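Counting convention: from 1, in listed order, for ligands and their atoms alike. Nothing here was measured: the structure is a model prediction, and the numbers come from that model.
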Amino acid sequence: MYICLCHGVTDTQIESAIDNGAETLKALSTELKVGSQCGKCCQCTKRVLNKKLLQI
Ligand code: FES
């Protein structure tokens with residue numbers, strides 16, 4: 001599912017970036033550009049991040 005429409009980033013891409021060590025919103029933004037344009041995906045990205053971190 002697409003999370004960031006501005007940059008075409010999916011939840012799978014976000015999860016794999018988290019697996020590779022991007023464990024903050026800032027790190028995900030640096031790596032995948034999520035939230036760096038309109039910002040509408042920040043909430044959703046945070047949800048994916050928190051869910052994933054709870055699993056680790
Ligand atoms: Fe992610 Fe716009 S939807 S920056």
Side-chain angles (χ1 to χ4, degrees):
M1 174 179 77
Y2 280 102
I3 300 291
C4 178
L5 294 180
C6 292
H7 298 289
V9 181
T10 64
D11 52 352
T12 310
Q13 285 173 284
I14 292 172
E15 285 173 1
S16 118
I18 297 166
D19 282 338
N20 291 324
E23 294 181 349
T24 62
L25 194 58
K26 194 167 186 259
L28 288 170
S29 178
T30 303
E31 192 155 322
L32 302 170
K33 296 189 178 155
V34 285
S36 64
Q37 200 161 323
C38 74
K40 283 183 186 165
C41 58
C42 287
Q43 282 299 105
C44 238
T45 304
K46 262 191 222 166
R47 230 174 288 139
V48 173
L49 178 63
N50 289 337
K51 192 174 158 206
K52 183 79 182 164
L53 289 179
L54 286 175
Q55 292 169 358
I56 294 174

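- In this structure, Glu31 CD and Ile18 CD1 are separated by 10.0 Å, a value rounded to the nearest 0.5 Å.
- With 2.8 Å as the limit, His7 does not count as an N, O or S neighbour of atom 2 (Fe) of ligand 1.
- Nearest protein heavy-atom neighbour of atom 3 (S) of ligand 1: Leu5 N, 3.4 Å.
- The backbone N or O of Thr10 lies less than 3.5 Å from a partner atom in the side chain of Gln13, making a donor-acceptor pair.
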(message) Working note: Glu15 + Val48, criterion side chain to side chain contact (heavy atoms under 4.5 Å, CB included); need CA distance, chi angles, decisive distance, verdict.
(response) CA-CA 7 Å; Glu15 285 173 1; Val48 173; 4.0 Å; yes
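- At least one donor-acceptor pair under 3.5 Å links the side chain of Thr30 to the backbone N or O of Lys26.
- At a cut-off of 2.8 Å, Cys6 coordinates atom 2 (Fe) of ligand 1 through an N, O or S atom.
- Proximity to Gly39 (heavy-atom distance under 4.0 Å) selects the following atoms of ligand 1: 2 (Fe), 4 (S).
- In this structure, the side chains of Gln37 and Lys33 stay at 4.5 Å or more apart for every pair of heavy atoms.
- Residues Lys52 and Asp19 are in side-chain contact: their nearest non-hydrogen atoms beyond the backbone lie under 4.5 Å apart.
- Taking every non-hydrogen atom of Cys41 and a distance limit under 4.0 Å, the qualifying atoms of ligand 1 come out as 1 (Fe), 3 (S), 4 (S).
- The closest approach between a heavy atom of Val34 and any atom of ligand 1 is not below 4.0 Å.
- Taking every heavy atom of Gly35 and a limit of under 4.0 angstrom, the matching atoms of ligand 1 come to 1 (Fe), 4 (S).
- Short contacts between ligand 1 and Cys38, defined as distances under 4.0 Å to a heavy atom of the residue, involve ligand atoms 2 (Fe), 3 (S), 4 (S).
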